[in-house]
Each structure stands twice: as structure tokens, then as C-alpha cells.
Amino acid sequence: MECSFINESSSNSISPSPANRLPEKRPFAGALERMEVESRKLPSSQYKGVVPQPNGRWGAQIYEKHHRVWLGTFNEESDAAKVYDVAARRFRGHDAITNFKPTNSGNDLETHFLNSHSKGEIVDMLRKHTYDDELEQMKRNSGGRKRMSDGFSDSGREKEREQLFDKAVTPSDVGKLNRLVIPKQHAERHFPLQIGSGCKGVLLNFEDAGGKLWRFRYSYWNSSQSYVLTRGWSRFVKEKGLKPGDVVSFQMSTTPEKQRYIDWKPRKINSSNNSRAYMAEQPVQAVRLFGVNIFKARGRSNA
DNA sequence: CGTTGTGTTGAT
DNA sequence: TCAACACAACGG
């Protein structure tokens, strides 16, 4: 069958989405058309940085440089607006234009909290709706200790390994389904698969940090339109004791053999593994005082 | 499957 | 920079 790897093909064109608008307006019968369009139109928000969602909920977003940073979805329009405000202060300073409070003095605890975390960490909290909790917790420990980058983005040695991508595993990824969804973007870039014609997938070998070899079935599920690792995955989950939020990391050797590697890291405390531009930057200085890295200890059965 | 949040365009 | 719009990709 044709279910073999595409040999590191070069042209992985991103989705060709023309995104065309309505056809064209005929001279007359335009009234009905306009009514239809009007009826399916989403209500715009009165708040800055807040956009409606098709299901009646509200999204929050902020722009930096030329890129949108998504801040999550919320049931209440005002909640989304508050979240935007937090992001605005972190991204643009305490004088940023916001939806609600004009801004505080600038020396309060929340400002300190904001400046003690990277943009990526703040965005993560906002998206997960944990910002208020984290802020309160920080206030309780008035010491303001923080778990910083905790060496997550792999300060590291890629002697002959090239980092391909990370994924924070979902509950489903570590559940009973025996499958790991590979985000399509990464799957098609790094693990191209010959699709169509009833492809049952291929076997992929990975070497873990301990040198142990793992073999997973890799295929495309038409039902969910997802690339997945299936057979063999559950054993990896079990042996490593993977929990939701833990991050699996994929590498590949730069040598011609193209050996693949798989590794994992514990769930990140604050920030995500996302590595966008706004993620890269570190919190503003000032809290050099708390240079304490805290690693969460969690019972883990490992071999 | 229902929902997210990304791709994209066009305004300001 | 910003929101409107459409919908592919995602999680469960």
C-alpha cells in the first residue's frame, strides 16, 4: 500500500482557505439577502478586546505586533473584558487603555504580580481562568515566591537532536482511548503520512530518554480528522505515569538516519509550552529576589 | 459531535 | 491594532 512516509517532503502548503465572501449582489433581490445576513450576524461587544462566539459565549483577544493573542473564551461578556484588561496591563503597562478600572497607583500587589510573570504565563492563567486564584495565592504568600521558567523550555543541548514539537497531553490522550492526538500542524510537518486509499497507518519508532525503544502505530482518523498515535501509546502512558497536562516532546536526529525521539516533562506549573514570541520573553526584572525554582513533587511510577 | 480559536480581510 | 466573519481543527 501507499502508506509510507513521505520523504521529508518540502511542500507542506498550509491550508488553502480562500475564505470567500458572499457571491455578489444582484441589482434587486438584495433586501432578503441583507436580512439573512443580518439575522445570522453575531452581536458585537461593547468591550475592547472582546469578540462574540457562535455559541453565545465571548472570546477575549489582544494584539501584539501583528499577531493576535487569544485570551480564552468566557460565558460572561464582562469576564472576557476583565481578562482583556489584565492582558492589556501586562502587555502595555499599567496605563494601558482598559475596559474598566482606569488603573491603580501602579505599586499595588497586582501590578507586582503581573510584572513577576511573563506574558505567556499571564495569558495561560487567563485562558485557563486561573488568574484570580493565582493572584490570591500570591497575595497569601506575601513573600511572593514564584516558580519561574523552571527550566522548562529545555535549556538545552541539542547536540544531534532537533526539537520538533511539544504537546501538553489532554485527559483523552492519557485516558483509556489508547491514542495521542498529534496536532495536525505538527503531524503534517514532521510526520507526513500518505493519506487516503484506506491507509491503516504506519509504525513509528521512538527512543526515549533512557534509550528504550518505543513503537507506535501512527495513522489518520477520518472520523475526527486527526493524526494519532495509537497502538503502543497506552503502554508509554502507563510506564511514564503521564497525567493530563504533562508534556510529551518529540525530537529527531539531525543525522541522515532521522532517528526519532520521544520524551516527556511534568505538567508546567504556570506557563504553557507554547513558544510564541510573547511567550519567549521573561517577566520584567525586579523580582530577582525570589529566584527560587520550585519543582512540584508528584508520586510517579517509573521504570 | 459541539466548540474553540485561527485564518483572513478590511476598517481605523 | 482592532473586530467581523467563516470554519478547520480540536477535545471528549
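The shown structure was predicted, so the numbers you read here are calculated from the model rather than taken from an experiment. Below, chain A is the first sequence line, B the second, and so on; all start at residue 1.
- Minimum atom distance to the side chain of A:Ser172 is reached by C:dG12, of the listed C:dC10, C:dG12, B:dG5.
- In this structure, NZ of A:Lys48 is placed 14 Å from P of B:dT12, rounded to the nearest angstrom.
- Atom pair A:Arg127:CZ and C:dC10:C1' shows a separation of 12 Å (rounding to whole Å applied).
- Ring pair A:Phe206/A:Phe216: centre-to-centre distance below 6.0 Å.
- The nearest whole Å value for the distance from the NE2 atom in A:His66 to the C1' atom in B:dG7 is 16 Å.
- Atom CD in A:Glu188 sits about 11 Å away from atom C1' in C:dA8, given to the nearest Å.
- At C:dG12, one or more side-chain N or O atoms of A:Thr170 fall inside 4.0 Å of OP1 or OP2 (strictly under the cut-off).
- Going from atom CD1 of A:Ile97 over to atom C1' of C:dC2 covers 12 Å, rounded to whole Å.
- Proximity of the aromatic rings of A:His67 and A:Tyr63 is defined here by a centroid distance below 6.0 angstrom, and this criterion is not met.
- One cannot find a donor-acceptor pair under 3.5 Å joining the base of B:dG5 and the side-chain atoms of A:Arg57.
- The backbone N or O of A:Gly72 lies less than 3.5 Å from no partner atom in the side chain of A:Lys128, so there is not a single donor-acceptor pair.
- Ring planes of A:Phe74 and A:His129: tilted class, angle from 30 to 60°.
- Separating the CG atom of A:Asp124 from the P atom of B:dG5 is a distance of 11 Å, rounded to the nearest angstrom.
- Atoms CD (A:Gln225) and P (B:dG2) sit 15 Å apart, rounded to a whole Å.
- When heavy atoms are screened at a 4.0 angstrom cut-off, A:Thr73 is found touching the sugar-phosphate backbone but no base atom.
- Ranking C:dC2, C:dA4, C:dA9 by closeness to the A:Tyr84 side chain, first place goes to C:dC2.
- Nucleic acid contact class of A:Pro54 (heavy atoms, under 4.0 Å, all strands): base.
- Comparing C:dC2, C:dG12, C:dA3 by their nearest atom to the side chain of A:Val51 picks out C:dA3.
- If you find the closest nucleotide of DNA chain B to A:Tyr63 and to A:Ser223, the one lying nearer the 5' end belongs to A:Ser223.
- Electrostatic pairing of A:Asp246 and A:Lys240 does not count as a salt bridge here, judged by no charged N lying under 4.0 Å from a carboxylate O.
- Rounded to an integer number of Å, the gap from A:Gln61 CD to C:dA3 P is 6 Å.
- In summary, A:Asp85 and A:Lys82 do not engage in a salt bridge, as defined by a charged side-chain N under 4.0 Å from a carboxylate O.
- Among the heavy atoms of the strands, none lies under 4.0 Å from A:Ser226.
- The base of B:dG7 is paired with the side chain of A:Arg68 by a donor and an acceptor separated by under 3.5 Å.
- Taking the nucleotide of DNA chain C with the nearest heavy atom to each of A:Lys65 and A:Ser45, the more 5' of the two is matched to A:Lys65.
- Along DNA chain B, the nucleotide nearest A:Asn55 and the nucleotide nearest A:Gln185 are compared for position; the residue whose nucleotide lies closer to the 5' end is A:Asn55.
- If you check every strand for non-hydrogen atoms under 4.0 Å, A:Gly175 touches nothing.
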